[in-house]
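Computed from a prediction, not measured in an experiment: that's the story for all the values here. Computation of the quantities below employed the complete heavy-atom set of this structure, encompassing side-chain atoms and omitting hydrogens, waters and symmetry-equivalent molecules.
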Amino acid sequence: MSAEFPESDWGRFKEVHQRLLERYCGGVLQELAAVSLGSDGTAHERYLRAYKLIHKRNEEMAHAFDDLRRSTADMQLVIMRRLGLLTDEDLSGFSEQTQMRVRTIASL
């Protein structure tokens with residue numbers, strides 16, 4: 001799928017990658033604060049929910065952001081899109097070809 005990932009998109013991807021990683025981590029930290037500082041359940045129950053949340057979000061983060069390679073960039077963009085991180089504005093900086101591919105696959 002990524003054999004045709006344009007060089008200009010690769011440069012753009014590396015920029016977007018870092019910004020979206022920060023966006024993702026910020027969202028996870030907000031979720032974690034809500035879980036850990038909430039009043040639902042005991043401290044131990046909140047701890048367990050926080051632990052499960054971190055584990056789940058870490059797996060998502062690995063799929064979306066680890067192994068930064070040109071050959072997997074378009075699939076990572078799809079994952080970022082499905083996670084609600086890659087906005088239309090973010091995507092608009094990529095070539096029409098990449099935008100169309102990401103939108104099509106993300107909508108499946």
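Distance check: Met61 CE to Leu20 CG gives 13.5 Å after rounding to the nearest 0.5 Å. Note: Lys14 NZ to Arg70 CZ = 9.5 Å, rounded to the nearest 0.5 Å. Separating the CD atom in Glu60 from the CG atom in Leu85 is a distance of 9.0 Å, to the nearest 0.5 Å. In this structure, CZ on Phe65 lies 9.5 Å from CD on Glu22, to the nearest 0.5 angstrom.
Taking hydrophobic clusters as Ile, Leu, Val, Met, Phe, Trp and Tyr residues chained together by side-chain heavy-atom distances below 4.5 Å, Leu21 does not share a cluster with Leu32. Hydrophobic clustering, with ILVMFWY side chains joined whenever heavy atoms are under 4.5 angstrom apart, keeps Val35 apart from Tyr47. In the hydrophobic clustering of this structure, Tyr24 groups with Leu68; members are Ile, Leu, Val, Met, Phe, Trp, Tyr whose side-chain heavy atoms approach within less than 4.5 Å, directly or through other members.
For residues 26-53, every residue pair satisfying the salt bridge (charged side-chain N to carboxylate O under 4.0 Å, His left out) rule, not counting sequence neighbours, is listed here: Glu31-Arg57.
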Go through the steps to decide whether Glu59 and His55 satisfy the test side chain to side chain donor-acceptor pair (under 3.5 Å), and finish with yes or no.
-> CA-CA 6 Å; Glu59 287 181 10; His55 182 69; 2.9 Å; yes
Derivation and outcome, side-chain contact (heavy atoms from CB on, under 4.5 Å), residues Phe5 and Arg101 = CA-CA 10 Å; Phe5 199 76; Arg101 192 167 48 236; 3.9 Å; yes
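Residues that satisfy the salt bridge (Lys or Arg N to Asp or Glu O under 4.0 Å) test with Glu15, not counting sequence neighbours, are Arg12. The salt bridge (Lys or Arg N to Asp or Glu O under 4.0 Å) check on Glu89 picks up nothing, with sequence neighbours excluded. Remark: Phe13 pairs with Trp10, His17 by the ring-ring contact (aromatic ring centres under 6.0 Å, His included) rule, at least two apart or across chains. Every residue two or more places apart in sequence or in another chain was checked for a salt bridge (Lys or Arg N to Asp or Glu O under 4.0 Å) with Asp9, and none qualifies.
Annotation for Pro6 and Gln97: closest pair CG-OE1, 4.4 Å, computed over non-hydrogen atoms. For the residue pair Arg19 and Asp90, the shortest heavy atom distance occurs at NH2-OD1, 2.9 Å.
The main-chain N or O of Arg69 is found under 3.5 Å from a side-chain atom of Thr72 such that the two form a donor-acceptor pair.
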Indicate every side-chain donor-acceptor pair of residues 77-84 with a distance under 3.5 Å to a residue at least two apart or in another chain.
{"unit_1": "Arg81", "atom_1": "NH1", "unit_2": "Leu86", "atom_2": "O", "d": "3.1"}
{"unit_1": "Arg81", "atom_1": "NH1", "unit_2": "Asp88", "atom_2": "OD1", "d": "3.0"}
{"unit_1": "Arg81", "atom_1": "NH2", "unit_2": "Asp88", "atom_2": "OD1", "d": "2.7"}
{"unit_1": "Arg82", "atom_1": "NE", "unit_2": "Ala106", "atom_2": "O", "d": "3.4"}
{"unit_1": "Arg82", "atom_1": "NH2", "unit_2": "Ile105", "atom_2": "O", "d": "2.7"}

